[in-house]
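These notes are about the structure you will find just below.
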Number of protein chains: 2
Amino acid sequence: MTNSHYMNNSHKIKAERREKEQQDRKKSILKAAREIFFRKGFMDSTVEEIAVKCGLAKGTIYLYFKSKEDIYISIMAEGLNLLKKDMEKVSGIDLRSDRLIEMLVHGYYDFYKRNKKYFRMMFLSSQPDVRSRVSEGLLKNCIAVGNDCMQIVSDIIKKGVADGLFRKVDHWAAANILWAMVNGIIMSYEEDPIYREEIVGIGLEEILNESISLALDGLRVKR
Amino acid sequence: MTNSHYMNNSHKIKAERREKEQQDRKKSILKAAREIFFRKGFMDSTVEEIAVKCGLAKGTIYLYFKSKEDIYISIMAEGLNLLKKDMEKVSGIDLRSDRLIEMLVHGYYDFYKRNKKYFRMMFLSSQPDVRSRVSEGLLKNCIAVGNDCMQIVSDIIKKGVADGLFRKVDHWAAANILWAMVNGIIMSYEEDPIYREEIVGIGLEEILNESISLALDGLRVKR
DNA sequence: GAGATATAATGACTAATAGTCATTATATGA
DNA sequence: TCATATAATGACTATTAGTCATTATATCTC
């Protein structure tokens, strides 16, 4: 009895260690993949290259990931989680809701500047032919994290409404609009990094500021 | 002299006919490609399939297009031009600027509903690894048509400002914000056709209406 | 520590496919 | 009718995602 218990425990420890080792391998694959996907984009990167970069054979990669798309989405998920962490930091600050919204968008812009590559990945991942090859679980996870981010925005708007600062808007809908607006603006600049600023005649940061004040104007109660 | 002139003329006619025949071939390739790209997306479509669909050999396709990406972008350009035509119709109407903006966005939404496939193509085309394989000229053309669309929005806002209906905003910047907002919202629904409506709890058309009134609220002069 | 068993890694292989180019067919002109 | 130019072809090359039989390594048992 004691023996079997002992054994069981030992098994558990071994299993845990194996689990950890597997996670480490996965991480090292992702590290190599990140660098390559960032540099070359999805289409121009090869699984072979990722394998070589982390000192494994191609076949080994497929022991840890079902497809190239799964690796890609896993990296995108990293980005989403980083973003979520940034946003959580802001949401914890004790300030008026409109100031928090401003900070959120500025934080988002900062994140974008620091992580442009993650952004591009997010845009590709919405393509149906990419999605169709991604494992259900990974996709669900991404959607969930994105949802968490939206929840943060929504909560801030909700608080603003409760405080009588904002009109009685549907805070979910408002959060989605705000988010989509910021995303759309960033994407429009992302499409034409150089050309865009030239034709619009105004920088991304400035235009984001404009859009925040426009949106907050629409949200605030009128006196 | 007369003879040579005659010849020249005959040559010109022949050259024109050849030109027309080439354009017809190009169109028939695009017709086949459109159907296949719409159904399968970029990655899952093959040039061979396009060739078979329009009764040509694969090699022939490459006499008319430099790459698969060029075919793809050419079809996307069709979509952009259709959109531009729709928008031009609205811009010709004699109404208050805020009503025109509403009509423009509704028209855009209608266009989206009728042409979802074109929209998806637009989103993919912003990926650097796709872009890098597209001919310079085709890309420039797309950007120019997109610019024309933005000009229409901008002109309407400009008129609204001139009429004292809108605040004295930078109409280019405002047009870009409005456009990006609408695009961002449509894209967010496009990402999760089913799931999205569920989590937001409100349909795309409704949320677009919300966003229009929010934006117009921000634009209108305060009394 | 030897042998047995389980787990992990490998890379040769298959299938698919973008793009090329020498060859063949077709149309035009003298 | 033959010559020349233009258009079309499809076999071929190179690349690459994903598989799987084989090999290596670690773990366990006695």
Side-chain angles (χ1 to χ4, degrees), chain A residues 3-4 6-29 32-33 36-37 40-73 129-130 132-135, chain B residues 3-4 6-29 32-33 36-37 40-73 129-130 132-135:
Chain A
N3 200 338
S4 119
Y6 208 71
M7 288 254 299
N8 242 337
N9 204 17
S10 156
H11 267 163
K12 208 184 281 177
I13 288 168
K14 289 285 156 62
E16 274 165 14
R17 202 188 50 166
R18 226 184 36 233
E19 175 79 9
K20 195 200 168 297
E21 277 170 1
Q22 278 184 353
Q23 288 305 321
D24 287 349
R25 265 270 184 279
K26 238 180 158 168
K27 275 183 201 160
S28 87
I29 292 169
I36 290 167
F37 279 139
K40 301 186 162 194
F42 179 75
M43 285 175 176
D44 294 342
S45 299
T46 75
V47 176
E48 176 74 37
E49 201 180 351
I50 293 169
V52 169
K53 179 130 210 153
C54 60
L56 292 172
K58 185 162 67 157
T60 311
I61 303 291
Y62 285 92
L63 296 176
Y64 295 89
F65 294 93
K66 274 215 180 71
S67 65
K68 188 182 168 185
E69 281 82 0
D70 267 14
I71 308 176
Y72 194 79
I73 293 293
D129 47 0
V130 174
S132 69
R133 298 186 208 194
V134 173
S135 301
Chain B
N3 201 336
S4 119
Y6 207 72
M7 287 255 299
N8 240 336
N9 203 18
S10 156
H11 268 162
K12 206 183 282 176
I13 287 169
K14 289 286 158 59
E16 275 166 13
R17 204 188 50 167
R18 228 186 32 234
E19 175 78 8
K20 193 198 170 299
E21 275 170 2
Q22 278 185 353
Q23 288 304 322
D24 287 350
R25 263 271 182 282
K26 237 179 158 168
K27 275 184 202 160
S28 87
I29 293 169
I36 291 168
F37 280 138
K40 302 187 162 192
F42 179 75
M43 286 176 173
D44 293 342
S45 299
T46 73
V47 176
E48 176 74 36
E49 202 180 351
I50 293 168
V52 168
K53 179 130 210 155
C54 60
L56 291 172
K58 185 162 67 156
T60 311
I61 303 292
Y62 285 92
L63 295 175
Y64 295 89
F65 293 92
K66 274 216 180 72
S67 67
K68 189 182 169 186
E69 281 82 0
D70 266 15
I71 308 177
Y72 194 78
I73 293 293
D129 47 1
V130 174
S132 69
R133 298 186 207 194
V134 173
S135 301

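Just so you know, these numbers use all the heavy atoms, side chains as well, and skip hydrogens, waters and symmetry mates.
- Rounded to an integer number of Å, the gap from CG of Asp129(A) to C1' of dA17(D) is 15 Å.
- Residue order along DNA chain D, read from the 5' end via each residue's closest nucleotide, puts Lys58(B) first among Phe42(A) and Lys58(B).
- Lys68(B) has a side-chain polar atom (N or O) that falls below the 4.0 Å cut-off from OP1 or OP2 of dA18(C).
- At least one side-chain heavy atom of Val47(A) sits less than 4.5 Å from a side-chain heavy atom of Tyr62(A).
- At whole-Å resolution of the value, CZ in Arg133(B) and C1' in dA18(C) are 9 Å apart.
- Here the side chain of Thr60(A) is nearest to one of dT9(D), dT10(C), dT20(C), namely dT10(C).
- Closest to the side chain of Ser67(A), from the set dT10(C), dG18(D), dG10(D), is dG18(D).
- Contact annotation: Gln22(B) side-chain N/O to dA7(D) OP1/OP2 distance is under 4.0 Å.
- Between Leu56(A) and Arg25(A), some side-chain heavy-atom pair lies under the 4.5 Å cut-off.
- Among the nucleotides dA7(D), dT19(D), dT10(C), the one closest to any side-chain atom of Leu63(B) is dA7(D).
- Comparing Gly59(B) and Met43(A) along DNA chain D, the residue whose closest nucleotide (by nearest heavy atom) sits nearer the 5' end is Gly59(B).
- With hydrogens and angles disregarded, a donor-acceptor distance shorter than 3.5 Å links the side chain of Asp70(A) to the backbone of Ser135(A).
- Residue Gln23(A) contributes atom CD, which lies 12 Å from atom P of dA8(C) at whole-angstrom precision.
- The distance between atom CD1 of Ile61(B) and atom P of dC21(C), rounded to the nearest whole Å, is 18 Å.
- The side chain of Arg25(B) contributes an N or O atom lying less than 4.0 Å from OP1 or OP2 of dA8(D).
- Atoms CZ (Phe65(A)) and P (dT19(D)) sit 15 Å apart, rounded to a whole Å.
- A straight line from OH of Tyr62(B) to P of dC12(D) spans 19 Å, rounded to a whole angstrom.
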Verdict with supporting geometry, Met43(B) and Met43(A), side-chain contact (heavy atoms from CB on, under 4.5 Å) = CA-CA 9 Å; Met43(B) 286 176 173; Met43(A) 285 175 176; 3.2 Å; yes
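- Between the C1' atom of dG11(C) and the CD1 atom of Ile50(A) lies a distance of 17 Å, rounded to the nearest Å.
- Phosphate contact (OP1/OP2 of dA8(D), side-chain N/O of Tyr64(B), threshold under 4.0 Å): present.
- The aromatic rings of Phe37(B) and Phe42(B) lie parallel to each other, with less than 30° between the two planes, well short of the 60° mark.
- Atom CG of Asp70(A) is separated from atom P of dA17(D) by 14 Å (rounded to the nearest Å).
- Across all strands shown, Glu49(A) has no heavy atoms under 4.0 Å from either base or sugar-phosphate atoms.
- Using a 4.0 Å heavy-atom criterion, one finds that Thr46(B) contacts the sugar-phosphate atoms exclusively.
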